[in-house]
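Report on the following structure.
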Amino acid sequence: MLFDRFDPLKGERLEIMDKDGRVNEELRPDLSDERIKELYVRMSVMRLADRTALNLQREGRMGTYAPVYGQEASQASAAFLGKDDWLVPSYRESGALFMRGVPLSGIYRYWMGDERGLVGIKDLRVLPVEVVVGSQPLHAVGVSWAMKLRGIKSVAAVYFGDGATSEGSFHEAMNFAGVFDTPTVFICQNNQFAISVPRKVQTRSKSIAQKANAYGFKGIQIYGNDIMAVYAAMKEATSDAREGRGPRLIEMLTYRFGPHTTADDPTKYRDAEELEKNKPFDPLIRLRLYLSSLGMWSEEEEYEIMDAAKAEVEKAVAIAESAPPPEPSDIFHNTWKREHPYLKRQENEMLALLRETEGGAPNA
Amino acid sequence: MLFDRFDPLKGERLEIMDKDGRVNEELRPDLSDERIKELYVRMSVMRLADRTALNLQREGRMGTYAPVYGQEASQASAAFLGKDDWLVPSYRESGALFMRGVPLSGIYRYWMGDERGLVGIKDLRVLPVEVVVGSQPLHAVGVSWAMKLRGIKSVAAVYFGDGATSEGSFHEAMNFAGVFDTPTVFICQNNQFAISVPRKVQTRSKSIAQKANAYGFKGIQIYGNDIMAVYAAMKEATSDAREGRGPRLIEMLTYRFGPHTTADDPTKYRDAEELEKNKPFDPLIRLRLYLSSLGMWSEEEEYEIMDAAKAEVEKAVAIAESAPPPEPSDIFHNTWKREHPYLKRQENEMLALLRETEGGAPNA
Amino acid sequence: MPKLNIVSAINLALDREMGKNDKVVIIGEDVGREGGVFRVTDGLQGKYGPERVIDTPLSEGGIAGTALGLAVGGLVPVAEIQFEGFMYLALDQIANQMARYRSRSRGQYPINLVLRLPWGGGIRAPEHHSDSPEAVLVNTPGITVVQPSNPYDAKGLMTAALRYGDPVIYCEPKRIYRAIKAEVPDEDYEVPIGKANVVREGTDMTIVAWGAMMREALKAAEELAADGVSAEVIDLRTISPMDSDTIVSSVKKTGRLLVTHEAPRTGGIGAEIAARVYEEAFTSLLAPVERVTGYDAVMPLFKLEDYYLPDAKKIIAGARKMMSY
Amino acid sequence: MPKLNIVSAINLALDREMGKNDKVVIIGEDVGREGGVFRVTDGLQGKYGPERVIDTPLSEGGIAGTALGLAVGGLVPVAEIQFEGFMYLALDQIANQMARYRSRSRGQYPINLVLRLPWGGGIRAPEHHSDSPEAVLVNTPGITVVQPSNPYDAKGLMTAALRYGDPVIYCEPKRIYRAIKAEVPDEDYEVPIGKANVVREGTDMTIVAWGAMMREALKAAEELAADGVSAEVIDLRTISPMDSDTIVSSVKKTGRLLVTHEAPRTGGIGAEIAARVYEEAFTSLLAPVERVTGYDAVMPLFKLEDYYLPDAKKIIAGARKMMSY
Ligand SMILES: Cc1ncc(C[n+]2csc(CCOP(=O)(O)OP(=O)(O)O)c2C)c(N)n1
Ligand SMILES: Cc1ncc(C[n+]2csc(CCOP(=O)(O)OP(=O)(O)O)c2C)c(N)n1
Ligand SMILES: [Mg+2]
Ligand SMILES: [Mg+2]
């Protein structure tokens with residue numbers, strides 16, 4: 001009953017494994033050390049994959065990309081969803097998608113400007129990447145409401161940032177979830193920034209977790225860099241929601257180490273010191289310290305982990321980059337189910353021009 | 001410090017004068033009995049004016065109208081604003097406008113389908129009637145923010161219903177008010193219904209007042225049919241806001257005795273019993289009982305009050321109905337500040353047609 | 001065959017489809033116990049229960065956004081926005097979400113839903129209750145927009161919309177909700193989405209209208225006939241993607257085109273129809289296309305509403321202007 | 001005279017007006033310390049303080065709605081919506097509120113504000129960052145919409161907008177934010193709102209464009225000239241209410257009209273311009289109006305963006321088609 005015990009209105013928050021890898025035994029969840037090790041390895045791959053995306057963008061091989069650096073433990077929450085649960089991401093969930101099993105190559109391909117990168121997500125019950133801040137919580141409420149109405153035990157977990165909580169659509173989603181008691185888990189990764197705007201300018205409430213109270217359900221604030229807290233909160237929230245005990249809000253306190261996106265220069269608005277002050281809270285460091293205290297991690301092993309990660313990531317890059325580019329005609333075939341004559345004429349117009357000009361994309 | 005003493009999170013609410021006209025002396029505000037008498041008289045006129053509007057609509061002399069029957073004490077809150085304060089109404093604030101000094105004839109004229117009914121409201125710092133549910137709280141935040149930025153001590157009081165709290169724009173307004181600490185007083189008249197939808201379907205939170213907590217400022221739930229509670233809460237809220245202690249939310253619990261609007265048939269969704277059960281809580285009855293216990297009210301006096309009210313209301317109807325109808329050309333002169341050639345051509349087109357067809361409105 | 005008005009025809013379509021397909025659910029403000037402020041969903045909650053006909057909180061964004069989610073979750077939501085003027089509050093969900101979900105997911109998540117919106121002026125209603133904001137939808141690829149002008153089409157278009165496989169905005173001409181009664185078959189039929197309907201044949205000009213303006217167009221055509229002018233009248237029915245081919249064929253025959261709609265002239269659908277007809281029937285046109293529309297001004301409160309709205313008289317004036325060009 | 005790009009020109013206009021008029025305040029996401037994601041408000045918070053250049057919570061409705069309130073309260077807000085695709089979230093406040101406030105209050109509450117929106121495609125951005133949703137605004141009486149195509153106009157239109165007295169949507173062609181440098185006078189001047197600009201004279205056809213498409217139009221005109229086709233190029237500048245008279249005069253001279261815009265063809269501004277020109281220059285037209293536009297499909301992610309967007313090549317193809325009609 002973590003949600004009752006840690007009352008955000010009283011300023012309480014859940015932390016189980018601290019930054020030095022020490023565990024509060026009383027709160028320790030049923031997460032085996034093997035599983036933790038495994039999570040550490042996947043989170044390490046996630047970090048490398050993320051850094052690689054940044055580099056690809058810098059080299060002009062990828063478009064704008066929103067890194068997850070620093071938020072790996074929060075993103076790993078996706079690993080704690082059931083097979084039948086739904087994952088509803090924003091643009092900053094490459095790590096969550098990766099943990100859910102979306103191929104890295106597909107994620108890359110999407111950010112390389114090709115919608116087809118995400119083909120296959122339906123089988124994983126993952127919804128498409130949402131770019132409009134705050135619009136996807138309503139989809140999560142809707143899909144989980146459908147599950148409830150259809151008598152299917154399945155939860156929708158929706159990811160969004162601290163900034164998203166200022167949008168009207170966040171409010172509407174929370175309110176519908178409360179009224180219809182939908183099995184929705186709202187996951188706010190509070191990474192302290194919405195681009196340049198700090199958390200305290202987003203809202204004057206002390207926590208984001210306490211906002212759940214305004215909708216008649218429970219919220220909890222946890223340290224989102226602590227994978228044990230993430231696991232424990234996810235477990236309780238998903239089982240509460242799944243069993244009809246209502247929606248839940250989890251505020252995961254974390255910190256965005258990187259830029260907002262590759263298009264952003266955080267030195268413009270963030271002091272170097274602030275960043276440095278947060279670095280010791282890195283979600284991977286504490287895992288390393290914990291595992292190493294158990295003799296389950298060493299510098300040498302780290303090299304092996306990184307080598308394997310590198311191979312995995314490089315392969316994904318290769319797959320993504322060798323995918324054939326979409327046909328220009330694709331523009332015309334994905335908007336409507338049916339063919340429409342006036343659009344068909346536009347397609348023919350474009351194809352005729354391409355033939356005339358020998359196929360090159362006009363501005364390419 | 002009523003806002004601290006009555007904590008909506010603990011289910012507390014403020015009532016000072018109960019339905020039998022008995023006053024909790026400990027909480028009695030500095031409202032003289034003469035002032036109360038005066039308020040009683042104005043609220044009686046308000047009620048008659050309201051019923052008259054309904055009748056006018058039934059006779060085809062007015063358009064759709066949203067009555068305030070049952071909400072007279074909440075509406076009278078407008079009387080407790082300062083001269084320099086702003087009043088930001090929804091469509092159900094005919095009573096509040098009346099208390100503010102907007103001529104009844106103008107209010108009627110507006111609901112008779114003529115925008116010019118509201119000419120003059122600017123001098124009273126009243127904003128136009130807002131029909132889109134939930135859109136005006138942002139205007140109130142904006143105008144009070146302007147006051148704050150300009151260093152003017154002035155509060156904006158915004159009126160809306162329980163249903164309005166479900167709109168995203170309500171959330172956005174509350175959130176901006178919290179972040180920028182604007183001198184805004186949010187007044188929710190919780191009349192238990194949004195057309196047919198009962199309060200419990202609007203939101204699952206126990207009170208609306210407690211929602212203020214999600215935005216980092218204070219809210220209070222009061223009995224909105226108790227003019228003393230209305231006065232006390234308004235006094236504290238406006239002085240807090242005016243003095244820079246932040247925005248405030250007042251939830252006024254009341255009950256809509258009438259239909260939603262003249263277009264509505266409440267028997268479709270509301271039991272007669274429920275209505276009957278609420279009738280004893282009438283805001284005027286308790287005032288009558290209170291004043292009569294002081295010897296300040298009698299049946300005979302009531303006749304006098306009603307005669308004067310009738311004269312006042314009839315005069316307003318006469319003024320409204322004798323106002324000349326707007327010129328058809330008015331359509332073209334109120335949208336933009338400047339004249340635009342293409343619109344001018346449309347005006348000429350219409351005028352030519354009117355001349356041809358001898359002036360009758362096409363469908364009139 | 002029973003004679004029904006538009007309200008009852010839509011109700012019947014919903015009722016029949018709900019009986020056939022238990023995935024169909026209705027959500028919106030006041031749609032349940034109240035049966036909708038216009039009574040379009042009257043009786044359906046009683047028949048199908050509060051789990052299939054669901055009153056929601058007062059939030060257009062919430063209604064549209066959860067409808068999308070419900071569709072992703074395998075249901076077929078029929079969501080009501082109470083008046084067209086409040087569509088803007090749901091427009092992110094309509095234009096940025098529903099319209100793009102097929103494309104964004106490369107077809108993995110088709111969104112099969114219907115968004116119902118009472119539409120248009122002429123009922124002496126308050127501000128925002130009399131608008132015709134279809135232009136924004138027409139410039140939004142991925143959204144299908146229909147509007148019936150009579151009870152038969154109302155049922156058939158709704159039935160088709162419920163099975164369409166793409167999000168359909170179903171605009172309901174509230175001015176004629178109860179004004180027309182017509183025979184409406186109880187059995188299953190669809191009025192095809194994407195097809196305009198030549199309602200009256202003629203040789204001198206083509207009049208295109210939809211929704212409540214159809215009544216005015218037909219009235220005008222009759223008066224014109226008395227004057228010896230033969231007008232062909234086309235009911236657009238599907239506003240987007242529109243069937244301009246039917247219009248173009250007609251104009252090739254008649255040589256003149258008048259389009260009428262309640263929305264402001266500038267940027268209205270009349271412009272699009274005109275542009276397409278010029279593109280494809282340039283040499284057939286004997287006079288410029290005439291647009292008989294709402295004016296480029298804020299729709300006034302109802303004292304002036306009748307002056308603002310186009311009607312048969314204005315159509316006739318426009319028609320005469322074309323004939324004497 | 002200093003040579004500035006569009007970003008700096010807008011910044012200069014804001015700076016100068018803020019210096020002159022202490023009622024001008026800037027609000028929006030990241031407009032303060034960050035100076036805007038495109039740096040349009042760079043340095044202004046440092047100069048005028050955090051009470052005049054204000055970072056807001058992430059809420060487009062909140063920004064637009066409080067901007068209206070600030071205007072009622074006597075300030076002149078310049079509010080930024082970070083990308084055009086998020087305008088829908090503010091559309092109730094734009095179309096139902098700002099556009100109608102003058103009419104609703106019969107002139108008692110004019111709304112003097114500027115809403116800035118980076119506009120259009122071509123920057124390889126994520127979804128929703130490349131759209132051109134101007135059509136909805138053009139069908140909304142009461143809203144004034146401008147879009148500069150060069151640094152000089154950028155400053156002059158902004159200065160005019162800040163003093164206009166009605167709400168002005170100021171669309172910023174983000175593709176050419178930094179692509180063009182030109183001389184921009186430091187002194188006070190206004191580019192008149194409501195006036196199109198004949199940028200290049202010609203005799204064979206008229207090309208109408210605005211914003212980033214102006215560059216393509218001019219490129220096309222040059223290539224066409226080499227081919228012996230003389231194109232007159234008009235920069236619309238004010239999209240609503242538009243100056244069709246300038247276009248009509250031009251077409252009366254040239255006999256042909258091509259309109260180009262990034263938004264989808266159907267229901268786009270090209271249709272309106274075509275409809276008006278036919279209304280007023282019917283007999284002058286030698287060929288149907290050609291629309292070179294985005295397609296009626298969801299704007300694809302950037303791998304196909306260049307195929308989707310209109311450009312000089314497509315304009316030339318359209319022009320040739322007209323010439324050989
Ligand atoms: C509705 C909307 N407004 C603005 C933007 C531009 N934008 C993209 S991300 C972002 C900040 C989001 O902050 P937050 O919700 O905290 O998520 P984070 O990026 O920190 O993960 C902004 C303003 C957008 N994508 N959508
Ligand atoms: C945005 C919007 N949606 C729907 C409506 C139609 N409508 C008018 S009043 C109303 C109910 C409002 O309920 P509440 O906020 O409780 O105020 P009340 O009418 O009870 O005073 C509805 C749904 C509207 N005017 N605006
Ligand atoms: Mg954030
Ligand atoms: Mg209510």
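Labels below follow one simple rule: chain letters A, B, ... track the order of the sequence lines, proteins then strands, and each chain is numbered from 1. Atoms considered below: every heavy atom in the structure, side chains included; atoms not considered: hydrogens, waters and symmetry mates.
- Both the backbone and the side chain of A/Glu167 come within contact range of chain B, judged by heavy atoms closer than 4.5 Å.
- Neither the backbone nor the side chain of B/Ser207 comes within contact range of chain A; no heavy atoms are under 4.5 Å apart.
- When all heavy atoms of A/Arg204 and B/Pro247 are compared, the pair lying nearest together is NH1-CD, 4.5 Å.
- Within a 6.0 Å radius of NZ in A/Lys277, other residues, nucleotides and ligands contribute 12 heavy atoms or fewer.
- What you find for B/Ala214 and A/Ala214 is that their closest heavy atoms are CB-CB, 4.0 Å.
- Heavy atoms of other residues, nucleotides or ligands lying less than 6.0 angstrom from NZ of B/Lys200 number 12 at most.
- Ranking B/Gly134, B/Ser169, B/Ser205, B/Ala177 against chain A, the residue ahead of the rest is B/Ser205, based on heavy-atom pairs under 4.5 Å.
- The part of B/Leu9 that comes within reach of chain A is its side chain, from C-beta onward, which places non-hydrogen atoms under 4.5 angstrom from that chain.
- Using a 4.5 Å cut-off between heavy atoms, A/Lys211 contacts chain B through both its backbone and its side chain.
- A donor-acceptor distance shorter than 3.5 angstrom exists from the side chain of A/Asn175 to the backbone of B/Gln202, with no hydrogens or angles considered.
- Taking the six-membered ring where tryptophan is involved, the planes of B/His171 and A/Phe170 are tilted, since the angle between them lies from 30° to 60°.
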